[in-house]
Amino acid sequence: MEITVNHQTYSIAGSCSVIQLLTAVLQVSGSGIAVAVNQSVVSKSDWSVYHLQPGDQVMLIKATQGG
């Protein structure tokens with residue numbers, strides 16, 4: 001299936017949860033990151049059970065400091 005992450009398309013074989021996307025596909029830790037799928041924020045506690053669907057639009061938002 002194809003999904004889009006921050007405007008970049010990825011092809012993923014089979015089922016994929018949000019945490020699998022982060023760790024296996026994007027190779028990023030979940031620390032300091034918020035995830036939205038199709039413009040709805042997915043709670044970090046749901047990352048392991050939220051399975052992505054073909055055509056999903058995923059947005060990774062990284063927390064930053066500053067003022």
Side-chain angles (χ1 to χ4, degrees):
M1 74 175 156
E2 287 191 353
I3 61 167
T4 302
V5 179
N6 289 2
H7 306 290
Q8 186 171 355
T9 302
Y10 290 86
S11 293
I12 298 172
S15 178
C16 183
S17 68
V18 170
I19 194 69
Q20 289 171 321
L21 173 70
L22 294 175
T23 58
V25 177
L26 303 176
Q27 299 181 347
V28 297
S29 74
S31 180
I33 293 177
V35 177
V37 178
N38 301 325
Q39 300 183 349
S40 295
V41 173
V42 178
S43 173
K44 192 170 189 172
S45 62
D46 292 335
W47 288 1
S48 62
V49 295
Y50 189 102
H51 288 272
L52 299 168
Q53 302 297 314
D56 275 349
Q57 303 280 321
V58 179
M59 177 78 70
L60 302 183
I61 304 157
K62 187 165 184 140
T64 59
Q65 290 182 312

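Since this is a predicted model, take the numbers as computed values, not measurements.
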Next item on the list: Taking the side chain as every heavy atom from C-beta outward, state whether Y10 and L26 have any pair of such atoms under 4.5 Å apart.
Entry: yes
Note to self: Within the 4.5 Å heavy-atom criterion, are I3 and T9 side-chain neighbours or not?
What the structure shows: no
Next item on the list: Answer with yes or no whether the hydrophobic clustering places I61 together with L52; edges join I, L, V, M, F, W, Y residues whose side-chain heavy atoms lie under 4.5 Å apart.
Entry: no
Note to self: Per the side-chain hydrogen bond (donor to acceptor under 3.5 Å, both in side chains) rule, what does the pair list look like for residues 29-42, sequence neighbours excluded?
What the structure shows: N38-D56
Notebook entry, point to check: Is there a donor-acceptor contact under 3.5 Å from the side chain of T4 to the main chain of H7?
Noted result: no
Check: Do L22 and L60 have side chains that get closer than 4.5 Å, going by heavy atoms?
Finding: yes
Checklist line | I33 reachable from M59 in the ILVMFWY side-chain graph, under 4.5 Å edges | finding: no
Notebook entry, point to check: So, for M1 and G14, which heavy atoms are closest and what is the spacing to 0.1 Å?
Noted result: CE-O, 3.6 Å
Checklist line | Minimum-distance pair of heavy atoms, taken over all atoms of K44 and G30 | finding: NZ-O, 3.2 Å
Note to self: Applying a strict under-4.5 Å side-chain criterion to I, L, V, M, F, W and Y, I'd like to know whether L21 and V41 cluster together.
What the structure shows: no
Notebook entry, point to check: Should N6 and V58 count as side-chain neighbours, where that means a heavy-atom distance under 4.5 Å?
Noted result: no
Next item on the list: Could you verify whether a donor N or O on one side chain and an acceptor N or O on the other, from S15 and H51, lie under 3.5 Å apart?
Entry: yes
Item checked: For the student: nearest non-hydrogen atoms of S17 and S48, plus distance -> CB-O, 3.7 Å
Next item on the list: Determine the minimum heavy-atom distance between W47 and V42, stating which atoms define it.
Entry: NE1-O, 3.1 Å
